[in-house]
Amino acid sequence: MEAAVVIRPYRTDDAPSMAQLYYDAVHGLGRRAYSAAQAAAWAPAPLQPIDVLNRAADGRMTFVAANARDQAVAYVDLEPDGHVDHLYCHPDFAGQGVASRLLETVIQRAVEQGLPALYVEASELARPVFERHGFAVTARRDFEVRGVPIHNYAMRRELT
Ligand SMILES: CC(C)(COP(=O)(O)OP(=O)(O)OC[C@H]1O[C@@H](n2cnc3c(N)ncnc32)[C@H](O)[C@@H]1OP(=O)(O)O)[C@@H](O)C(=O)NCCC(=O)NCCS
């Protein structure tokens, strides 16, 4: 069933919800593919709303999926060079095509802007979502976060 959410541009008053859902997504969903130690290194605590505000104001575009109370339950962002930085969905809204709809929005905007390509470093959970939208893995990335080994996938989709 498709979730009853509306995709809309981010507003500054979304920052507290986004800060919390980032943490909830990593610990509620990320744990399906990553260990507790990896999830703790990835998101040791909820983000600070000021960090969300600052990131959203650095020139990127951010879109949220809002529930019936207009609260952000998922979000995605697109940097000016075509980099998709964050894609996070609250566990209560997972598996209902919400990330997919956010990604469709980003692809549409990127095409409208004439960007040649989109690229991302996708988690194990995000990889199938990006693959369904035409992204291909270019490399597996093994690295450390806060001293803990973790991996994701460099993925790219040409738009021209
Ligand atoms: C990755 C993430 C954002 C995906 O969010 P999501 O909203 O659950 O993604 P979708 O619902 O679009 O797709 C997930 C699954 O739901 C299924 N789905 C899609 N549309 C659906 C619908 N209308 N109804 C039911 N299921 C649906 C998809 O087939 C998909 O299944 P699959 O993974 O087995 O292929 C989420 O898991 C998350 O926040 N993970 C933790 C943080 C993370 O890894 N972020 C990515 C960093 S790059």
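Every number for a ligand or one of its atoms is a count from 1 in the order of the listing.
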Q.
Is Tyr153 close enough to touch ligand 1? Criterion: a residue heavy atom under 4.0 Å from a ligand atom.
A. no

Q) Between Val98 and ligand 1, which part of the residue brings a heavy atom under 4.0 Å of the ligand: side chain, backbone, both or neither? A) both

(Q) Considering non-hydrogen atoms of the protein only, which is the closest contact for atom 27 (C) of ligand 1, and what is the distance? (A) Gly95 O, 3.1 Å

Q) In the protein, what heavy atom is nearest to atom 2 (C) of ligand 1, and what distance, to one decimal place, separates them? A) Ala99 CB, 4.4 Å

Q: Give the minimum heavy-atom separation between Ala72 and Asp14, together with the two atoms involved.
A: CB-OD1, 4.1 Å

Q. Looking at Thr62 and Met18, what are the two nearest heavy atoms and their distance?
A. CG2-CE, 3.9 Å

Q: Please report the closest heavy-atom contact between Arg156 and Ala117, naming both atoms and the distance.
A: NH2-CB, 3.3 Å

**Q.** Ligand-side contact atoms (ligand 1) for residue partner Ala126, heavy atom cut-off under 4.0 Å
**A.** 1 (C), 46 (C), 48 (S)

**Q.** Minimum heavy-atom distance between Gln96 and Asp92, given as atom pair plus value
**A.** NE2-O, 3.3 Å

Q) Counting from 1, what ligand 1 atoms have a heavy atom of Ala94 closer than 4.0 Å? A) 8 (O)

(Q) Starting from Leu87, can I reach Met61 by hopping between I/L/V/M/F/W/Y residues whose side chains sit under 4.5 Å apart? (A) yes

(Q) To check your reading of the model: name the closest protein heavy atom to atom 33 (O) of ligand 1, its residue, and the distance in Å. (A) Pro128 CG, 3.9 Å

Q: Name the closest protein heavy atom to atom 46 (C) of ligand 1, giving the residue it belongs to and the distance to 0.1 Å.
A: Leu87 O, 3.2 Å

Q) Do the side chain of Tyr34 and the main chain of His151 share a donor and acceptor less than 3.5 angstrom apart? A) yes

Q | Hydrophobic cluster identity match, Leu29 and Phe93, side-chain contacts under 4.5 Å | A | no

Q: Please write down residue, atom name and distance for the protein heavy atom closest to atom 41 (C) of ligand 1.
A: Ala25 O, 3.5 Å

Q) What are the atoms of ligand 1, with element, lying closer than 4.0 Å to any heavy atom of Ala122? A) 48 (S)

Q. For Val26 and ligand 1, does the shortest N/O to N/O distance drop below 3.5 Å?
A. no

Q: For Arg146 and Ala41, indicate whether the former's side chain and the latter's backbone hold a donor-acceptor pair under 3.5 Å.
A: yes

Q. Which is it for Phe130 and ligand 1 at heavy atoms under 4.0 Å: side chain, backbone, both or neither?
A. neither

Q.
Within the 4.0 Å heavy-atom shell around Glu121, which atoms of ligand 1 are there?
A. 48 (S)

Q.
For Tyr88 and His86, take the angle between the two ring planes, folded into 0 to 90°, and tell me which bin it lands in: parallel under 30, tilted 30 to 60, perpendicular over 60.
A. perpendicular

**Q.** Donor-acceptor contact present, side-chain Arg8 to main-chain Asp70, <3.5 Å
**A.** yes

Q: Would you mind checking which non-hydrogen protein atom is closest to atom 44 (O) of ligand 1, with the distance to 0.1 Å?
A: Ser123 OG, 2.6 Å

Q: For Asp85 and Asp77, indicate whether the former's side chain and the latter's backbone hold a donor-acceptor pair under 3.5 Å.
A: no

Q | Nearest-contact summary for atom 36 (C) of ligand 1 - protein heavy atom, Å | A | Leu29 CD1, 3.6 Å

(Q) Checking contacts now, so for atom 24 (N) of ligand 1, which I'm interested in, is there any protein heavy atom under 4.0 Å? (A) yes

Q: Considering heavy atoms of the protein only, find what lies nearest to atom 22 (C) of ligand 1 and give residue, atom and distance to 0.1 Å.
A: Gln96 C, 3.5 Å

Q: Run the salt-bridge test on Arg101 and Glu104 with the 4.0 Å N-O cut-off and return the result as yes or no.
A: no

Q. Where the closest heavy atom to atom 11 (O) of ligand 1 is concerned, which of Gly97, Ala74, Ser100 has it?
A. Gly97

Q | Options Tyr75, Tyr88, Phe93, Tyr22, ranked by nearest heavy atom to atom 42 (C) of ligand 1, top entry | A | Tyr88

Q.
I want to confirm something. Looking only at heavy atoms, which of His133, Arg101, Arg132 is nearest to atom 14 (C) of ligand 1?
A. Arg132

